[in-house]
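Working notes for the structure below.
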Number of protein chains: 2
Amino acid sequence: MDFNETKNIFLQIRDWIADQILQGKIVAGEKIPSVRELAVDMEVNRNTVMRSYSLMEEEGIIENKRGIGFFVAADAKSKLLKMQKQAFLNDELPMILHQIEVLKLNSSDLQILIQTIQSNDHENQ
Amino acid sequence: MDFNETKNIFLQIRDWIADQILQGKIVAGEKIPSVRELAVDMEVNRNTVMRSYSLMEEEGIIENKRGIGFFVAADAKSKLLKMQKQAFLNDELPMILHQIEVLKLNSSDLQILIQTIQSNDHENQ
DNA sequence: TATACTGTCATAGTGTATTATGACACTAAA
DNA sequence: TTTAGTGTCATAATACACTATGACAGTATA
């Protein structure tokens, strides 16, 4: 995995797992990679992965079965949807709006953005 | 100034100055606060401000007159517009699109975003 | 010339993310 | 019971952002 230099690795690992869950690539009850395994895969220290998992456990996204590993919580997806949606609308969107205003980006520049939003209008649930 | 914990302070100071220039609050040729002055204002070490200014000098946004201070470069605004626009479209937008898709955000959720974009359509230059 | 500003450099200390490694308890399966 | 897989904790080392502080040179002004 290639990490962004501006964001902490343990947070990027959390985001990556969360993304897998939101996309349905990992479902409720399913086991996620072991701390050691993911550390090797991502070429990262196991303590760093451990920190990501501990964070997600606090957030109620994953649960631990001692001696076995970590598993996706039953309500992980709905919880993540709620959390991330709120985070996006409250924290990220204001900064995005500000950038668009200052850079005077118009419909032409952001054509793909508008299309993406509109394609979500025709979906249910 | 209140800093974001997830981003380096010296980068946030750079962004803040860049924003002032893009908004026209500081114009070409104008002097920006001295390293020591801004450090006190922002309750930050002067070395941290120095690092921001050195970065902006490398980027050609500001220029130094020895013994006097830093001044906004003649082409700072156009250079910033070009740099930031490219950075936004190439680096930030893809991640924003991904979030919108995964979280299934629609026109209702992002009403204000669409409005902001459209209001830029009616501006020239 | 003296004073008070500018930026600049050097040094040392603090906090924290990340790494490296070893040790231990729990669980499942051979 | 042994073995291999889980997570967990403790320790030390490295890297880097940030702070604290002192010293020095250039510039403008009284």
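Numbered from 1 within each chain, the chains take letters A, B, ... in sequence-line order.
For A:Arg46, whose side chain is taken as the heavy atoms from C-beta onward, the closest listed nucleotide among D:dT21, D:dC18, C:dG22 is C:dG22.
Rounded to an integer number of Å, the gap from B:Glu5 CD to C:dT16 C1' is 12 Å. Atom OH in B:Tyr53 sits roughly 10 Å away from atom P in C:dT6 (whole-Å rounding). Atom CD of A:Glu58 and atom P of D:dG7 are 17 Å apart (whole Å). When the C1' atom of D:dA20 is taken as reference, atom CD of B:Glu43 falls 16 Å away, rounded to whole Å. Nucleotide C:dC5 holds its P atom 19 Å from the CD1 atom of B:Ile32, rounded to whole Å. Per the geometry, CZ belonging to B:Phe3 stands 16 Å off P belonging to D:dA17, to the nearest Å. Atom CZ in A:Phe71 sits roughly 16 Å away from atom P in D:dG5 (whole-Å rounding).
Counting non-hydrogen atoms under 4.0 angstrom, B:Arg36 reaches a base of the nucleic acid.
Mapping A:Asn45 and B:Ser34 onto DNA chain C via the closest heavy atom, the residue that lands nearer the 5' end is B:Ser34.
For C:dA17, one of the phosphate oxygens OP1 or OP2 lies less than 4.0 angstrom from a side-chain nitrogen or oxygen of A:Arg51. The side chain of B:Thr48 places no N or O atom within less than 4.0 Å of a non-bridging phosphate oxygen (OP1 or OP2) of D:dA17.
Rounding to the nearest 0.5 angstrom, the gap separating the CD atom in B:Gln99 from the CG atom in A:Asp15 is 8.0 Å.
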Got a list of protein N/O to nucleotides 26-30 of chain C N/O distances below 3.5 Å?
none

